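Quick caveat, the model's predicted, so the values are computed rather than measured. Here is how names work: the chains are called A, B, and so on, in the same order as the sequence lines, proteins then strands, and each is numbered from 1. Worth knowing before you read on, the calculation uses all heavy atoms, side chains too, and leaves out hydrogens, waters and symmetry mates.
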Amino acid sequence: MTAFVDRLEGPSPAMEIAKDMVTRGLWAVPVGLGLGALAAGFNGAVSVAYAMALVLVNFLLAAYTLAAAARVSFALVAGAALGGYAVRLGLILIAFLLVRDASWMAKVPFGIAIIVTHLVLLVWELRYVSASMAHPGLKPSVSGQPAAGSRR
Amino acid sequence: MSAVSTAIELAVEASDADAAKATAGASSAGFAYGLAAIGPGIGIGYLVGQAVQAMARQPESAGQVQTTMFLGIAFTEALALIGFVVFILLKFA
């Protein structure tokens, strides 16, 4: 008979993925700033930086919420995923409304940067996770920890 | 004198038209944002429900399921973010 499991112990893969994406996002910041500066000058660069920061914080918040909920119960994971989704959308809206009238806010580069950063980081991470899932033994590990996506 | 009053009337009409356009734009943006959030909400609910079921059935694969779930949630959220961007561009740009 299989033991009933209603929560997860140990480090969360979601948190590892989010940290990976933040690391890659930090590498992508200069590219984003350059494109923002090309599109709308200094204001564009600052707006793109703000948008990228929002996306990265959004990823970290989502992963932390799921990881914390998974340690409590699976039912809470479902609640945290849906509740967190609504709350984070609201937070992004508030973060935008706070600066919408700022002199440096260029709305079109800001909006485009949110979508592009989100999708590019996801696709980038998906390639990495797909590879480590397909070939879990090939990824070199640091301090004996398996790669994200190949855990367990 | 009549030309002046006509100009004033035209200006008032133009002002009303602008106000009506702004009002319609604002309400459309609100609808766009709300509608864009519905689909991802349903998608995330379904995705997480299936993932939780998978983790409960096979706890040994919970790591992979969580990884896939997190990426799936993030991809689904991209739709809502697109709706959000359309909202801010319609309403504020």
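Using non-hydrogen atoms only and a strict 4.5 Å limit, the part of residues 28-35 of chain B facing chain A consists of B:Y33.
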Q) Please walk me through it: do A:F110 and B:L89 pass side chain to side chain contact (heavy atoms under 4.5 Å, CB included)? A) CA-CA 10 Å; A:F110 171 81; B:L89 293 182; over 6 Å; no
Q: With side chain to side chain contact (heavy atoms under 4.5 Å, CB included) as the test, would you mind laying out the steps for B:Q66 and A:V77 before giving the verdict?
A: CA-CA 10 Å; B:Q66 260 201 321; A:V77 170; 5.5 Å; no
Q: Take A:L82 and B:V48 through the test side chain to side chain contact (heavy atoms under 4.5 Å, CB included) and record every step on the way to the result.
A: CA-CA 9 Å; A:L82 268 179; B:V48 174; over 6 Å; no
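Under the 4.5 Å side-chain criterion, counting only non-hydrogen atoms from C-beta, B:F70 is in contact with A:M21. Side-chain contact between A:L122 and B:L71 is present, with at least one heavy-atom pair separated by less than 4.5 Å. Contact of the A:L93 side chain with the B:F87 side chain is registered, since non-hydrogen atoms from C-beta on lie closer than 4.5 Å.
Nearest heavy-atom pair across A:G111 and B:I88 is CA-CD1, 4.4 Å. Between B:L81 and A:I92 the shortest heavy-atom distance is CD2-CD1, 3.7 Å. Between A:P13 and B:G63, the closest heavy-atom pair is CG-O, 3.6 Å. The minimum heavy-atom distance linking B:A74 with A:H118 is given by the pair O-NE2, 2.8 Å.
Within the 4.5 angstrom heavy-atom criterion, no atom of A:A86 approaches chain B. Contact annotation for B:F75: both backbone and side-chain heavy atoms come within less than 4.5 Å of a heavy atom of chain A. Looking at A:D101, there are no atoms closer than 4.5 Å to chain B (heavy atoms on both sides), in backbone or side chain. Both the backbone and the side chain of A:A63 come within contact range of chain B, with heavy atoms under 4.5 Å apart. With a threshold of 4.5 angstrom between heavy atoms, A:V123 approaches chain B through its backbone and through its side chain. In this structure, chain A has heavy atoms under 4.5 Å from both the backbone and the side chain of B:A37. Interface residue B:I73: only side-chain heavy atoms are found under 4.5 Å from chain A. Of the two parts of A:Y85, the backbone and the side chain both hold a non-hydrogen atom closer than 4.5 Å to a non-hydrogen atom of chain B.
Within 6.0 Å of CZ in B:F92 there are more than 12 heavy atoms belonging to other residues, nucleotides or ligands.
No continuous path of ILVMFWY side-chain contacts below 4.5 Å connects A:V29 to A:L38, so the two sit in separate hydrophobic clusters. Hydrophobic clustering, with ILVMFWY side chains joined whenever heavy atoms are under 4.5 angstrom apart, keeps A:L61 apart from A:Y50. Linking Ile, Leu, Val, Met, Phe, Trp and Tyr residues whenever their side-chain heavy atoms come within less than 4.5 Å places A:V108 and A:I114 in a single cluster.
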